[in-house]
Colleague: 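The structure under discussion is supplied below as structure tokens; questions concerning it will follow.
What you see is a predicted model, and the numbers here were worked out from it, not measured in a lab.
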Amino acid sequence: MILEMKVPSPGESITEVEIATWLVEDGDYVEKDQAIAEVDSDKATLELPAEVSGTITLKAEEGDAVAVGAVVCLIDTSAEKPEGDAPQAEKKEEAPKIETPKPAAPEAKTYATGSASPAAKKILAEKGMDAASISGTGKDGRVTKEDAIKAVPSMGTPTGGSRGTSRSKMSMLRRKVAERLVEAKNTTAMLTTFNEVDMSPIFALRSEYKETFKAKHGVGLGFMSFFTLAVVRALKMYPAVNSMIDGKEMISYDFCDISIAVSGPKGLMVPVMRNVENLSFRGVEAEVKRLAIRARDGQITVDEMTGGTFTISNGGVFGSMLSTPIINPPQSGILGMHNIVERPVAIDGKVEIRPIMYVALSYDHRIIDGKESVGFLVAVKEALENPVELLMNNDIKKALEL
């Protein structure tokens with residue numbers, strides 16, 4: 001029996017996928033549920049498992065865009081599983097070929113590769129060019145008069161280094177990310193406001209409690225939990241930032257589904273932490289770790305990246321000092337975190353060295369006014385600079401569940 005394997009729907013609104021990598025070869029015997037291919041949708045990379053056991057015949061090439069429901073391979077279920085590698089058929093011994101020597105051609109005059117004819121040399125000299133820099137079309141690479149006439153002097157400085165180029169097809173996921181970024185720039189009234197955060201209080205808390213926190217909960221006490229909970233507090237204070245435009249209507253949410261930008265093997269992915277307003281420091285850190293591992297291992301599903309009411313992007317892990325993050329549509333706001341650098345700041349009229357992080361809020365000015373955007377970012381700054389009172393309700397051990 002021949003089974004036609006069709007592309008399953010990886011999620012709502014997805015109409016086609018791209019064959020990223022075949023994990024088997026044409027004619028291989030595959031087991032049921034064995035991963036036979038990796039396919040890219042515009043949201044994630046997924047594995048395609050074999051529906052039955054048998055010998056596979058591939059019907060699509062790597063890089064092909066295949067519609068959902070189209071046949072990508074055939075599996076012959078009547079084929080028996082091979083017992084080890086079959087011995088290769090012995091090659092038929094061929095009689096040795098006897099070549100009849102050809103008569104030698106008359107000796108011809110040869111030239112050194114890259115040498116030029118007298119006429120070519122004159123033309124190249126007038127152009128200030130060296131014959132060695134030109135690929136000659138004459139015999140043995142000789143530069144002809146026609147080669148010299150067509151030669152164009154380089155406008156750059158010759159280095160003798162590699163000048164190679166390569167071309168590769170962008171994955172469907174990468175192309176979709178590119179489309180969404182351009183869409184966000186073209187369809188939103190995006191503006192960015194900036195501020196700076198003195199991270200000294202958070203440094204002090206982490207220094208004192210991070211070992212106990214990790215021993216108790218099995219996850220580290222990172223910066224993401226502080227930023228995430230500060231964002232939740234600010235979203236409650238400024239609900240317009242937790243809203244979206246849908247046609248002529250504005251949709252506001254009474255929950256906080258926070259998207260976090262993480263780097264995966266196929267590029268940027270933005271999984272979502274659901275109902276973060278109900279999570280503690282431990283809950284946020286555990287969820288961030290879980291999603292980061294799934295993204296790293298290529299296991300993120302479409303459902304895990306669908307939705308989200310606000311996004312946090314941490315470019316600081318890559319050394320970014322400052323950036324203007326692009327909104328993740330249809331959301332209306334994104335907070336950019338950056339690296340933490342010791343900087344001189346004025347404290348009570350004196351210059352002190354403090355660990356400072358620049359933060360950036362990009363927002364859709366169509367529904368978020370300047371007053372709200374600035375107020376939101378100031379609220380985030382206040383919570384981060386006074387976390388014990390504003391994020392922990394003055395009870396550190398209870399907040400950290402120690």
Colleague: Only counting residues at least two apart or in another chain, list the ones meeting ring-ring contact (aromatic ring centres under 6.0 Å, His included) with Y253.
Modeller: F255

Colleague: Using 4.0 Å as the upper bound for N to carboxylate O, is an ion pair formed by K214 and E285?
Modeller: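 Answer for the salt bridge query: no.
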
Colleague: Between R366 and D364, is there a salt bridge with N-O shorter than 4.0 Å?
Modeller: yes

Colleague: With D257, which residues qualify under salt bridge (Lys or Arg N to Asp or Glu O under 4.0 Å), at least two apart?
Modeller: R274

Colleague: Would you say K381's side chain and E196's backbone share a donor-acceptor pair under 3.5 angstrom?
Modeller: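 Side chain of K381 to backbone of E196: a pair is present.
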
Colleague: Can you list every ring-ring contact (aromatic ring centres under 6.0 Å, His included) pair that touches residues 381-402, not counting sequence neighbours?
Modeller: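 Found none.
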
Colleague: Sequence neighbours left out, what pairs pass ring-ring contact (aromatic ring centres under 6.0 Å, His included) with at least one residue falling in residues 173-194?
Modeller: none

Colleague: Knowing that exactly one of E401, K398, H217 qualifies, which makes a side chain to side chain donor-acceptor pair (under 3.5 Å) with S280?
Modeller: E401

Colleague: Closer than 3.5 angstrom, by distance alone: can the side chain of Q331 be matched with the main-chain N or O of T311 as a donor-acceptor pair?
Modeller: yes

Colleague: So does L58 get a backbone contact from the side chain of D26, meaning a donor-acceptor N/O pair under 3.5 Å?
Modeller: yes

Colleague: Restricting to salt bridge (Lys or Arg N to Asp or Glu O under 4.0 Å), what partner residues turn up for K150, sequence neighbours left out?
Modeller: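 K150 satisfies salt bridge (Lys or Arg N to Asp or Glu O under 4.0 Å) with E146 once adjacent residues are dropped.
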
Colleague: Can you list the residues that meet the side-chain contact (heavy atoms from CB on, under 4.5 Å) rule with S243, with sequence neighbours excluded?
Modeller: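 Applying side-chain contact (heavy atoms from CB on, under 4.5 Å) to S243 gives M250, S252, I367.
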
Colleague: How long is the straight-line distance from CD1 of I326 back to OG of S362, given to the nearest 0.5 Å?
Modeller: 8.0 Å

Colleague: Any side-chain heavy atom of P271 sitting closer than 4.5 Å to one from V262?
Modeller: yes

Colleague: Using a 3.5 Å distance criterion without hydrogens, assess whether the side chain of E4 forms a donor-acceptor pair with backbone atoms of V71.
Modeller: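 No, because the side chain of E4 does not come within donor-acceptor range (under 3.5 Å) of the backbone of V71.
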
Colleague: Does the side chain of D198 pick up a donor-acceptor pair with the side chain of S200 at under 3.5 Å?
Modeller: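 D198 vs S200: donor-acceptor pair found between side chains.
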
Colleague: Under 4.0 Å between a side-chain nitrogen and a carboxylate oxygen: does that hold for K81 and E31?
Modeller: yes

Colleague: Walk me through whether E304 and R290 qualify under side chain to side chain contact (heavy atoms under 4.5 Å, CB included).
Modeller: CA-CA 11 Å; E304 287 174 307; R290 183 186 73 84; 3.2 Å; yes

